[in-house]
Amino acid sequence: MFDDVKEAVLKFITSRFTVIALVMILAASGILYRLFELQIINGESYLESFQLRIEKTKDIQATRGNIYDRNGNLLAYNELANNVVIEDVYESDSLRDENINETINKVIDIVESNGDTVVNDLSIQLDENDDFEYTVEGTTLLRFLADIYGHTTIDQLAYEERTATPDEVMEYLGKKFEIGALTDPEDNKSFEAGYGYTNDRFLKVVTLRYYMSLNSYQKYIDTTIAEAVSDQTVSDIMENSDVLLGVSIEENTARKYVDAEYFALILGYTGKVSSTELAQLQADYPDMDYDSSDTVGKSGIEQAMESTLQGTKGSETVYVDTVGQVLETTNYVEPRSGNDVYLTIDKNLQEACYDILESRLAGILVNKIVNAKTVSTTVKTSDLKIAIYDVYFKLFENSVIDTTHFTEDDAKETELKVLSVFNSKQEAVLEGLRSELMEKQTPYNELSLEYKNYETYITTILRDNNVLVNEDTEDDTYVTYTKDESISLYEYLHYAIAQNWIDITKLSLDSQYTDSEEIYEHIVSYITDKLGNDLTFSKMLYRYILEDDLISGRDCCNVLLEQGVVKLEDSELKSWNAGNESAYTFIINRINNLELTPAQLNLDPCSGSIVITDVNTGDVLALVSYPGYDNNRMANGVDAEYYAKLRADLSTPLYNYATQQRTAPGSTFKPLSATAGLMEGVITTTSSIRCTGTFDKFTNGPHCWIYPSSHGELTVAGGITNSCNCFFYEVGYRLGSENGTYNSDKGLEILRKYCDMYGLTEKSGIEIEESAPIVSTQDAVRSAIGQGTNSFTTVQLARYITTVANSGTCFNLTLIDKTTDSNGNLLQEYSATVRNTVDLPSSYWDAIHSGMRGVVEKRSDYSDLNVQVAGKTGTAQERSDRANHALFVSYAPYNNPEISITTRVAFGYTSSYAAQITRDVYDYYYNVDAREELLDGSAQSLEGGGTGD
């Protein structure tokens, strides 16, 4: 009976009309069944076998264009690479999520076992404490949250979604994709997102599932699991293809960067397009067919020249079976490579400036570090010193010493010793804090400095984790605790509970009907639990461990050796082990050899920037920001561990100090004030202003930097050469005076007009991200010497001094030289556009140039240069407890200017240091014979002090 039914069915489905109808129906849905074999039995056609063929049209990514320097030196290129991808071919049944998650976990195990990295570039990452944190903020964060919660606009976010913490987002996604487990198998409702996962693995699986979900809206788009994997990973994936449904190896390209740390902050890096970026690219370039799987420029030139570098996709039609195996490929359309970009940057000059800057910063540190536990802070900022104990602490604070390795099985002798000391200290402090919070209740202002720091950090934790919320800053008790500091944290937290400033949902309370004392006990438990696993708090403990001599400087040095952070030659190691070298000498030698860099130590100074322009074209020849980073580890799938390290690095290597850091210009502003004074007629090139050391037109008026001495009578050229504050106070005063009455706003308005002439009211024109300038709105007298609220980036000062150097042509600076196609054919030449011209009589320019030449002529360190330089020093104070910023703007040759060099050393003590660094750059540029000595790979000592400010 069964055979009769089977035969009847087969006759029906193989009948001519039924097959035609079936094919038409399936063709309409993009699915075709091919009849492979028909068997003839008793004169009838029978369907012996058929196979499901799914038709796909797949994009083929184009090779991204290369980036070169002005001389054709390669900076960014592509290598053939293999990616691990997954396609969603999973059945929509009750086991779908479980099967996908199982496959992803297997692939992650394979990839990571071979030393490769899984794509992990969600806008949530792990911080130093292994906690989830956002890596974006503001509108970008809200756009990310809107995407997570499935909204098309930010305005659709509910309050709970808009204010969701990283933990809450991860929990939401974990439950959505069923990444977790039942905490009680007998209770099917007790599912916990991430249960059984480490935070690291949970984040990786969530990231991949989230990207798969985004791609599910577009047919047949693969999701990349890992990029540029090793041959071993390729082999392992292929060997396990039978159990890795939808997973395959796809040939692609990997983005590579040459000499990465020198250029990362110019070039940026590439990565998976975000929804915000995608929407903007689709709007700006509707013909380029951008989609959610594309790799795009995320920052720097990669982002600025994205449409040029991207290329044009190809396509092909692919037929696959139900498990994704390719059966046939047709309709192949070749992709077209992206175009190449040539920068105005000189590769060799850029690298030399970076190395000179780093070695000179190290030289400043060597000069400033003294063999002491503490140093005086009541001296002039230029005379501040650095205690060697501060260096020891920085080894812990900036994670030069990896304290997490202390608990590893291969931890060595000194590491274990330090761990034992730390554990004892941590136990004692946590007990002390619990006692304070539960029993002692000491008013904040009566605590020791150590415990004040601990309790301040506790409130920071509570606020950052949204436990302490909606505080009323006008409330009397709030003011008493935060300003008067006359009550205890115990009292303040009890008051916060009463005022509903505590979000009890963050405390894992079982009942919503909980009395205030129970809430408080949960807060204390929350605090101690957090502190027990908090790396930042641990680093605080090390400061006091060192202060109390519970570990020694020698212990710190031994840990550096044990962890391989530094290595000694056999002779020095023998001397060290014999006790013939002090810890102080050990550290100084490491800094001298750049084995410990300024960036690692994060002491003042640890950062700086140099911008060099061609003053006759507006081309930027070098744009240096120190420290840099390896953008190879940010492209081709973010190395999450490295990214977390960069975000935690206190020297902020992801921050472009040349284009983003703004400080007061200090006395580098004085040539601009001279221009304003001359053009407004309040001074002439020959008029004289007397400096007595104090500006006496105000009661308790400001002093000149030379006070209690004075400069006497000065013309405008002498005012610039001697950087006389009193001269330019008077200029600012006269600019604001009318009919014998001083009006600061009038003076500020005039100064702003000349700021605009020199381009200081707008960004500089370069193609990468840049902070907007701030022109002073306070105190015309002090603004005239570069104080007030004036605040500019290094590249903005570079445009200003370029304009001075060429006597009036203000360029919109550029980093782009030209573009070519992949065969080298010129597509477009770029050049800096002229923003405006500053028309001054030649006598005015002569006076300004002469004054700037005089600045350099007074410096003995420039006397042996084989080129004449004109320049202006500048010192800018930002904080009274830290060193001043050091600046120097300049150009050369003096009589026929070719280049300008602008140098800023953040918290660099004295402008003389910036001038000396600049001097070495000129020596490199104009003296080939000096280059080897200038770049010998060791710290270079700089002379302290200097003339003027």
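Side-chain contact between Tyr134 and Phe144 is present, with heavy atoms from C-beta onward closer than 4.5 Å. The shortest side-chain heavy-atom distance between Glu769 and Asn656 does not fall under the 4.5 Å cut-off. You'll find the side chain of Cys810 reaches within 4.5 Å of the side chain of Arg799, heavy atoms only. Contact check for Tyr913 versus Val905: no side-chain heavy atoms found under the 4.5 Å cut-off. Proximity of Lys394 to Glu397: side-chain heavy atoms (C-beta onward) are separated by under 4.5 Å at one or more points. Contact of the Ile768 side chain with the Ile301 side chain is registered, since non-hydrogen atoms from C-beta on lie closer than 4.5 Å. A heavy-atom distance below 4.5 Å is found between the side chains of Phe728 and Ile720. Val775 places a side-chain heavy atom less than 4.5 Å from the side chain of Asn790.
More than 12 non-hydrogen atoms from other residues, nucleotides or ligands lie less than 6.0 angstrom from CD of Glu128. Within a 6.0 Å radius of CD in Gln877, more than 12 heavy atoms belonging to other residues, nucleotides or ligands are found.
Of all the heavy atoms in Val624 and Cys353, the pair that sits closest is CG2-CB, 3.6 Å. Closest heavy-atom contact between Val400 and Val565: O-CG2, 3.6 Å. Residue Ala784 comes nearest to Phe669 through the heavy atom pair O-CD2, 3.9 Å, listed as atom of the first residue, atom of the second, then distance. The two atoms that bring Val834 and Phe811 nearest to each other are CG2-CE2, 3.9 Å, heavy atoms only. Between Ser625 and Tyr655, the shortest heavy-atom distance links the atoms OG-O, 3.5 Å. Closest of all the heavy-atom pairs between Ala674 and Ile848 is CB-CG1, 4.4 Å.
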(request) Evaluate the side chain to side chain contact (heavy atoms under 4.5 Å, CB included) criterion for residues Thr135 and Ser123: first the C-alpha distance (whole Å), next the side-chain angles of each, then the deciding distance (0.1 Å), finally the verdict. (result) CA-CA 5 Å; Thr135 61; Ser123 293; 4.2 Å; yes
(request) Would you please test Tyr392 and Tyr389 for ring pair (Phe, Tyr, Trp, His ring centres under 6.0 Å) and show each step? (result) CA-CA 5 Å; Tyr392 300 149; Tyr389 271 66; 5.4 Å; yes
(request) Apply the test side chain to side chain contact (heavy atoms under 4.5 Å, CB included) to residues Glu306 and Glu277: give CA-CA distance (whole Å), side-chain angles for both, the deciding distance (0.1 Å), then the verdict. (result) CA-CA 11 Å; Glu306 161 60 29; Glu277 292 165 336; over 6 Å; no
(request) Starting from the C-alpha separation in whole Å, work towards a yes-or-no answer on side-chain hydrogen bond (donor to acceptor under 3.5 Å, both in side chains) for Thr668 and Tyr800. (result) CA-CA 10 Å; Thr668 65; Tyr800 150 56; 5.9 Å; no
(message) Apply salt bridge (Lys or Arg N to Asp or Glu O under 4.0 Å) to residues Arg752 and Glu749 and explain how you reach the verdict.
(response) CA-CA 5 Å; Arg752 181 179 181 84; Glu749 184 180 346; over 6 Å; no
(request) Please step through side-chain hydrogen bond (donor to acceptor under 3.5 Å, both in side chains) for the pair Lys645 and Ser399, ending with a clear verdict. (result) CA-CA 9 Å; Lys645 183 178 179 181; Ser399 299; over 6 Å; no
(request) Using the side-chain hydrogen bond (donor to acceptor under 3.5 Å, both in side chains) rule, take Arg782 and Ser776 through it: C-alpha gap first, then chi angles, then the decisive distance, then the call. (result) CA-CA 10 Å; Arg782 289 176 173 82; Ser776 182; over 6 Å; no
(request) Check step by step if side-chain hydrogen bond (donor to acceptor under 3.5 Å, both in side chains) holds for Thr918 and Ser890. (result) CA-CA 8 Å; Thr918 304; Ser890 63; 5.2 Å; no
(message) Would Leu797 and Arg904 count as a side chain to side chain contact (heavy atoms under 4.5 Å, CB included) here? Give the steps.
(response) CA-CA 10 Å; Leu797 292 176; Arg904 184 200 321 258; 4.2 Å; yes
(message) Using side chain to side chain contact (heavy atoms under 4.5 Å, CB included), reason through Met634 and Leu646 one step at a time and then give a plain yes or no.
(response) CA-CA 10 Å; Met634 300 293 288; Leu646 291 178; 4.1 Å; yes
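Put simply, the side chain of Asn806 gets close to the backbone of Val615: a donor and an acceptor are under 3.5 Å apart. No donor-acceptor pair closer than 3.5 Å links the side chain of Tyr257 to the backbone N or O of Leu267. When atom types are taken as modelled, the side chain of Arg360 and the backbone of Ser941 share no donor-acceptor pair closer than 3.5 angstrom. Looking only at distances, a side-chain donor or acceptor of Ser771 sits under 3.5 Å from a matching main-chain atom of Gln660. Under a 3.5 Å cut-off, the side chain of Tyr909 and the backbone N or O of Asp604 do form a donor-acceptor pair. Between the side chain of Asp346 and the backbone N or O of Leu621, no donor-acceptor pair lies under 3.5 Å. Remark: the backbone N or O of Thr536 is not paired with any side-chain donor or acceptor of Tyr457 at under 3.5 angstrom. In this structure a side-chain-to-backbone donor-acceptor pair under 3.5 Å is present from Lys670 to Ser723. The closest donor-acceptor contact from the side chain of Thr270 to the backbone of Val296 lies at 3.5 Å or more, if one exists at all. Under a 3.5 Å cut-off, the side chain of Asn367 and the backbone N or O of Leu942 do form a donor-acceptor pair.
The structure places CD of Gln778 at 10.5 Å from CG of Asp745, a figure rounded to the nearest 0.5 Å. Between the CD atom of Glu762 and the CD atom of Glu770 there is a distance of 10.5 Å, given to the nearest 0.5 Å. To the nearest 0.5 Å, the span separating CD on Gln661 from OG1 on Thr652 amounts to 8.0 Å. Annotation: the span from Tyr891 atom OH to Thr613 atom OG1 amounts to 12.5 Å, rounded to 0.5 Å. Considering CD of Glu358 and CD of Gln940, their distance stands at 12.0 Å, rounded to 0.5 Å. Put simply, OG on Ser911 and CG on Leu887 are 8.0 Å apart, with the number rounded to the nearest 0.5 Å.
Ring geometry for Phe888 against Tyr862 counts as tilted: the plane angle lies between 30° and 60°, on a 0 to 90° scale. Under the 30°/60° scheme for interplanar angles, the aromatic rings of Phe907 and His885 are found to be tilted.
Lys763 and Asn812 are not linked by any side-chain donor-acceptor pair at a separation below 3.5 angstrom, with hydrogens and angles left out of the test. With hydrogens and angles left out, the side-chain atoms of Gln280 and Thr276 include no donor and acceptor closer than 3.5 Å.
Residues passing the ring pair (Phe, Tyr, Trp, His ring centres under 6.0 Å) test with Tyr830, sequence neighbours excluded: none.
Lys298 and Asp121 are not joined by a salt bridge, as no carboxylate oxygen comes within less than 4.0 angstrom of a charged side-chain nitrogen.
Aromatic rings from Tyr657 and Tyr626 are positioned such that their centres are separated by 6.0 Å or more. Between Tyr925 and Tyr922, a ring centre-to-centre spacing not shorter than 6.0 Å is recorded.
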